[in-house]
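First up is the structure itself, then whatever we jot down about it.
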Amino acid sequence: MTNYLKMADKQRILALLELGWSYRRIAREIGACRETVARYDPRRLPKPARVSTGPQSAAEPYRTFIEVPMCRDGLTAQRIWQDLVADYGFGYGYACIKRFARRVKRSHPEVADVLAHPPGQEAQVDFFRGPRALDRQSGQWRLPWILRVTLSCSRHSYEEPMWSADRPSFLRALENSFWDFGGVPATVRHDNLKLAVVRACLYDPAISEVYAAFAHHWGFVPLPSSPRHPQEQGITERGGGYMKDNALKGRRFDSLEELDSFLKHWNRTVARVRIHGTTRKQVYAHFLEVEKPALAPLPKDRFNLFEVGTRTVHPDGHVQVEWAFYSVPHTLVGEDVKVQWDDHLVRVYAQGQCVAVHSRAPVGGFATRQEHRPVHKPARQEAYEANLLAKAEHIGPRALAWAKSATEQRAGTLWVVPTGSSRAWCLSLVAIPRRRWTGHVVSRWNEACSATPCSGVWWSRLLLIRPFLSSVKSIPSYATCKSTPRRSRHDPRPGPETKTPAPLGYGRCPASS
């Protein structure tokens with residue numbers, strides 16, 4: 001028989017106690033233990049408190065030096081023990097002070113404060129792990145994150161699952177909660193999560209720049225709780241435990257969308273229709289009557305998400321943002337600049353001023369502006385083009401005119417090699433003025449340029465130049481020079497006579513038809 005008796009057995013115990021029966025006799029008659037019978041005896045006196053009869057603690061003479069720093073200054077037992085050893089020569093270990101400090105704390109309990117939450121003043125945010133859900137992309141079971149936003153006055157809440165607890169997902173989920181509530185609370189309290197707080201501090205926490213801009217857009221004040229003080233946001237902490245036990249315990253879901261729809265259905269049918277234990281009111285009715293009218297109105301547009309970071313300007317005058325490169329003024333080479341980017345634009349700031357604005361470039365691409373380059377060092381493509389034009393001018397005025405005409409018609413793509421033919425012609429042209437080539441050959445190339453007007457077919461122009469070079473017979477080709485053994489310039493022996501075809505550029509020119 002259990003220790004909790006029925007009403008008939010209780011009445012029998014009281015009647016037998018009035019007759020003067022002993023606890024043992026009544027227990028044998030009822031079928032219960034003696035302790036149960038004694039508990040229902042109204043004449044039974046409580047047992048006196050146990051008083052320790054052991055030896056006095058070695059820390060008792062120092063009670064004043066332990067109670068005052070612990071209760072008034074909040075010093076730890078470790079710190080108090082160190083001070084006692086250093087100042088008073090305390091000869092016992094740290095365990096002695098630790099046991100004595102526990103008794104002091106029990107004799108001086110801390111009184112907790114009750115926080116009042118006016119309607120529309122505060123919402124508390126918390127992240128926690130959800131149940132197992134199937135990731136359709138990877139085919140694996142994962143534990144998603146769940147963001148829960150709870151209004152402190154009415155206890156009305158919003159839940160949203162997500163795979164990654166990154167800043168964009170966090171901010172979008174917080175936005176969705178505001179749209180679901182139909183308004184914005186005055187403050188949003190959360191712990192020191194890295195998505196919102198850069199540096200946790202008791203007095204002056206550093207808020208992330210993106211999160212601060214998000215709070216300014218929606219019109220609320222971010223309020224991080226004190227480090228290692230989760231009781232400051234006890235409403236959402238307790239609400240998260242309630243949701244885990246009531247809705248998610250022992251469940252798994254086949255997708256994140258299924259988990260999201262289940263949480264919305266659970267909130268609509270269970271969470272918001274319950275009678276809360278503290279307010280003693282229905283959650284959703286209390287929200288509609290008291291808290292929703294006190295919320296601030298929603299803005300017209302959603303927040304434009306962006307990212308910020310610090311970058312070092314490369315020696316080529318560019319900064320890297322998500323595997324693309326953007327130019328900045330050349331005077332900032334080697335310095336650290338702040339970069340702000342979104343899906344469309346990239347902005348670069350130096351010493352608080354915007355120094356460059358670019359459209360987003362593809363991965364591996366370069367966004368370069370001419371005004372960012374120094375005057376004596378143009379961009380790489382322009383410098384390469386100027387170098388080729390200078391070499392063409394060294395050949396002759398006609399070759400220079402041909403090169404300029406080719407540059408204008410090709411619109412700068414002469415130096416890019418889509419098919420390989422145009423660059424091969426150009427490199428062959430600028431490689432002519434060598435020490436082993438005579439002025440006669442250079443002049444023949446100059447005449448070839450004048451006789452070959454520019455058009456869209458660049459490889460055929462090479463064929464038209466071959467008749468002008470068919471008479472050049474005295475220049476050995478690379479293949480012939482490679483097969484000929486090297487000799488010293490003082491060697492008197494004559495070398496083998498080889499018949500060398502005329503070259504074209506770096507290679508060999510076949511005989512013309």
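Numbers here are sequence positions counted from 1.
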What class does the angle between the rings of Phe214 and Tyr211 fall in, given that below 30° is parallel, 30 to 60° is tilted and above 60° is perpendicular? parallel
Please confirm whether the backbone N or O of Lys98 pairs with a side-chain atom of Arg102, one donor and one acceptor, at under 3.5 Å? no
List the atom of His286, the atom of Cys153, and the distance in Å for their closest heavy-atom pair. CE1-O, 3.8 Å
Test Leu223 against His190 for side chain to side chain contact (heavy atoms under 4.5 Å, CB included), laying out the working first. CA-CA 7 Å; Leu223 186 61; His190 47 76; over 6 Å; no
Would you say CD of Gln351 has more than 12 non-hydrogen atoms from neighbouring residues, nucleotides or ligands within 6.0 angstrom? no
Between Trp179 and Trp218, how do the two ring planes meet: parallel, tilted or perpendicular, split at 30° and 60°? perpendicular
Please tell me if the side chains of Ile80 and Glu67 come closer than 4.5 Å, counting only heavy atoms from C-beta onward. no
Atom of Pro61, atom of Ala58 and distance for their closest heavy-atom approach: CD-O, 3.4 Å
Please determine whether salt bridge (Lys or Arg N to Asp or Glu O under 4.0 Å) holds for the pair Glu160 and Arg172, giving the CA-CA distance in whole Å, both sets of side-chain angles, and the decisive distance to 0.1 Å. CA-CA 10 Å; Glu160 181 172 335; Arg172 288 307 181 197; over 6 Å; no
Shortest non-hydrogen pair, Pro131 vs Leu143, comes out as C-CD2, 3.9 Å
Within 6.0 angstrom of Lys244 NZ, more than 12 heavy atoms from elsewhere: yes
Can you tell me how far apart NE2 (His217) and CZ (Phe303) are? Round to the nearest 0.5 Å. 7.5 Å
Is it true that atom CZ of Arg103 has more than 12 heavy atoms of other residues, nucleotides or ligands lying nearer than 6.0 Å? yes
Looking at Arg369, is its backbone amide N or carbonyl O close enough to the side chain of Ser327 to form a donor-acceptor pair, meaning the two atoms are under 3.5 Å apart? yes
Are Leu195 and Phe127 close enough that some pair of their side-chain heavy atoms sits under 4.5 Å apart? yes
Is there side-chain contact between Val319 and Phe325, with at least one heavy-atom pair below 4.5 Å? no
Around Arg79, counting heavy atoms of other residues, nucleotides and ligands shown, do more than 12 lie under 6.0 Å from its CZ? no
Could you tell me whether Phe220 and Phe178 have their ring centroids closer than 6.0 angstrom? yes
Could you label the plane-to-plane angle of the Phe262 and Phe253 rings as parallel, tilted or perpendicular, counting under 30° as parallel and over 60° as perpendicular? tilted
Go through the side-chain N and O atoms of Glu122 and Ser152 and say whether any donor and acceptor fall under 3.5 Å apart. yes
Do NZ/NE/NH1/NH2 and the carboxylate oxygens of Lys338 and Glu209 come within less than 4.0 Å? yes
First locate atom NZ of Lys292, then atom CG of Leu295, and finally report the distance between them rounded to the nearest 0.5 Å. 8.5 Å
Quick one: do the Thr312 and Asp336 side chains pair a donor with an acceptor below 3.5 Å? yes
Side chain to side chain contact (heavy atoms under 4.5 Å, CB included), that's the test. Do His276 and Arg274 meet it? Break it down for me. CA-CA 6 Å; His276 197 270; Arg274 77 188 191 276; 3.5 Å; yes
Quick one: does any side-chain atom of Arg311 pair with a main-chain N or O of Gln320 as donor and acceptor, under 3.5 Å? yes
So, are Arg360 and Glu322 salt-bridged, with charged N and O less than 4.0 Å apart? yes
Shortest non-hydrogen pair, Tyr242 vs Ala271, comes out as OH-CA, 4.3 Å
Please state whether the rings of His358 and His372 are parallel, tilted or perpendicular, taking 30° and 60° as the class boundaries. perpendicular
Hey, does the side chain of Thr269 reach the backbone of His265 with a donor-acceptor pair shorter than 3.5 angstrom? yes
Quick one: is the NZ or CZ of Arg347 closer than 6.0 Å to the six-membered ring centre of Tyr326, and within 45° of its axis? no
Quick check: do Tyr349 and Val339 have side-chain heavy atoms less than 4.5 Å from each other? no
Starting at CD1 of Ile97, measure out to CZ of Arg99 and round the result to the nearest 0.5 Å. 9.5 Å
Does Tyr94, at its OH atom, have more than 12 non-hydrogen atoms belonging to other residues, nucleotides or ligands within less than 6.0 Å? yes
Would a distance-only check, ignoring hydrogens and angles, find a side-chain to backbone donor-acceptor pair under 3.5 Å from Glu232 to Ser226? yes
With heavy-atom distances below 4.5 Å as the criterion, would you say the side chains of Val188 and Pro222 are in contact? no
Return the CG to CG distance between Leu259 and Leu134, rounded to the nearest 0.5 Å. 12.0 Å
Tell me whether Lys105 at atom NZ has more than 12 heavy atoms from other residues, nucleotides or ligands lying less than 6.0 Å away. no
Minimum heavy-atom separation for Val283 to Ser154, with atom names? CG1-O, 3.4 Å
Are there over 12 heavy-atom neighbours, none belonging to Gln353, within less than 6.0 Å of that residue's CD? no
Are any non-hydrogen side-chain atoms of Phe306 and Val210 less than 4.5 angstrom apart? yes
Pro227: which of Val197, Asp191, Asn192 passes side chain to side chain contact (heavy atoms under 4.5 Å, CB included): Asn192
Sub-4.5 Å side-chain heavy-atom contact between Val308 and Trp341: no
Any side-chain donor near an acceptor of the partner, Glu159 and Asn267, under 3.5 Å: yes
Measuring from atom CZ of Arg142 to atom OG of Ser164, what distance do you get when rounded to the nearest 0.5 angstrom? 8.0 Å
Arg238 CZ: over 12 foreign heavy atoms closer than 6.0 Å: no
Main-chain N/O of Asp254 paired with Glu258 side-chain donor or acceptor, under 3.5 Å: yes
Do Leu263 and Met243 have side chains that get closer than 4.5 Å, going by heavy atoms? yes
Can you tell me if Asp180 and Ser177 form a side-chain donor-acceptor pair at under 3.5 Å? no
Do Thr368 and His318 have side-chain atoms, one donor and one acceptor, less than 3.5 Å apart? yes
What closest approach, in Å, do Pro42 and Tyr40 show between heavy atoms, and which atom pair accounts for it? CD-O, 3.3 Å
Within this structure, what is the OG1-CD1 distance for the pair Thr36 and Ile13, rounded to the nearest 0.5 Å? 7.5 Å
Walk me through it: do Thr236 and Val125 pass the test side chain to side chain contact (heavy atoms under 4.5 Å, CB included)? CA-CA 7 Å; Thr236 186; Val125 180; over 6 Å; no
Test log, rule side chain to side chain contact (heavy atoms under 4.5 Å, CB included), inputs Leu171 and Leu305: CA-CA 8 Å; Leu171 297 182; Leu305 289 176; 3.6 Å; yes
